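Okay, structure first, notes after.
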Amino acid sequence: MMKFKLAAAALLVAGLSSAFIIKGIDTTIVRETTVDSLGACQGASNQNGRIFLYGDREVGMIREFKWEKDSLRYINKEYKLTQNGQDVIGHPTGIAYNGSDKVFIGNSIRLNKEGTQWKAVIYLVNWPGLQKTGTLDGNLISTIEDGACIQGTRPEYVKYNNKWYVATADYGNKGNEVRLYDPEKLARCTKTSEPGVLYKKFTCSPWVQNLHWVANNGILILIQNQVEGRKWRLTYVDLKKSVDAGTMQVIKQIDIDSRQDELEGFTFIDGSKGIAVTSSRKNNVNYTNTSW
């Protein structure tokens, strides 16, 4: 009986501790800066201390930065997402990179002026080759149509039950989902609708611009707009609980109402410092702090 009481007390303490941590999450902007030559910036990827900002200038492109003294320093490396001089990934919307597996880049293609029709494509690329040559020439391995998407695709590696998957999400205002694709089957298919590519999915709220995986906490951050094309929202989601339930299980939703522009991407630099990027010409790269 005593053991049971002690176990129950331990669970209660753990629950209270967890509730306190969940309640305490907050993300704030600490500094606003403007970085040129990105076009409309679409996202940020942190890869072992190197930060890659990508956007849709005259062609889709990526610039590489180094994290130095709490700031980004451009190291004069630019990669154009072209092949034979032609724009291929013109609107890059996500880089799925985990340091050990295949690298996928998303491309969200607007088919009409109103923005009601989109085509989504995921590209498997030779990432070291792209960094070496600066273009997709000889480095574009395969092209995959992501037909299940609503207004674009935004690949990001996540880990579920100790296995890596490529997650993506929708931007539209109805029927929104986060989907997990098997990376090996994704690499071999031409369409994500092919059997076995889709592993699991769960419903989510609208206007997801990008995804960011926080491995240490098992949290997937939905990088969103509050309304179409405007205002900032970060939704912290318990990935495992969301997949198991079939609908997103929100830990904390953070609306940053001081910014009216279009949040496009976010990445952590460490456990608290982060970078949030927008498509604006001014104040497009913003330094953030997250308290847990």
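All values derive from a computational prediction rather than experimental measurement.
At a threshold of 4.0 Å, the pair D170-R179 counts as salt-bridged, since one of the basic side-chain nitrogens sits closer than that to a carboxylate oxygen. K200 has no carboxylate O lying under 4.0 Å from a charged side-chain N of D244, or vice versa, which leaves the two without a salt bridge. In this structure, K102 pairs ionically with E184, as a charged nitrogen and a carboxylate oxygen lie closer than 4.0 Å. The pair D70-K273 meets the salt-bridge criterion, with a side-chain N (NZ, NE, NH1 or NH2) lying under 4.0 Å from an Asp/Glu carboxylate O.
H212 places a side-chain N or O within donor-acceptor distance of the main-chain N or O of F268, the cut-off being under 3.5 Å. The main-chain N or O of Q209 is found under 3.5 Å from a side-chain atom of R154 such that the two form a donor-acceptor pair. With W164 contributing its side chain and N98 its backbone, the two residues share no donor-acceptor pair below 3.5 Å.
Under the 4.5 Å side-chain heavy-atom criterion for Ile, Leu, Val, Met, Phe, Trp and Tyr, F52 and F65 are members of distinct hydrophobic clusters. Linking Ile, Leu, Val, Met, Phe, Trp and Tyr residues whenever their side-chain heavy atoms come within less than 4.5 Å leaves F266 and W67 in two separate clusters. Each of L53 and L263 belongs to its own hydrophobic cluster when Ile, Leu, Val, Met, Phe, Trp and Tyr are linked at side-chain heavy-atom distances under 4.5 angstrom.
Inter-residue side-chain proximity for W127 and Q47 is flagged as met; some heavy-atom pair is nearer than 4.5 Å. In this structure, I219 and D238 have side chains that are not in contact, with every pair of non-hydrogen atoms separated by 4.5 Å or more. Side-chain contact between Y123 and L136 is absent, with no heavy atoms from C-beta onward closer than 4.5 Å. Residues Y287 and L72 meet the side-chain proximity criterion, which asks for heavy atoms closer than 4.5 Å. Using a 4.5 Å heavy-atom cutoff, the side chains of E156 and N210 are not in contact. Side-chain contact between I141 and N126 is present, with at least one heavy-atom pair separated by less than 4.5 Å. In this structure, the side chains of R57 and K80 come closer than 4.5 Å at one or more pairs of heavy atoms. In this structure, the side chains of W232 and T278 come closer than 4.5 Å at one or more pairs of heavy atoms.
A cation-pi geometry, defined here as NZ or CZ lying under 6.0 Å from the six-membered ring centre and within 45° of its normal, does not hold between K159 and Y157.
Environment of CZ in R281: sparse, with no more than 12 heavy atoms of neighbouring residues, nucleotides or ligands closer than 6.0 Å.
For the side-chain contact (heavy atoms from CB on, under 4.5 Å) criterion with I275, the lone passing option out of I51, N46, N286 is I51.
The two residues N176 and S205 make their nearest non-hydrogen contact at CB-O, 3.9 Å.
If you check the side chains of T153 and T168, you find a donor sitting under 3.5 Å from an acceptor.
Expressed to the nearest 0.5 Å, how far CG of N225 lies from CG of D261 amounts to 9.0 Å.
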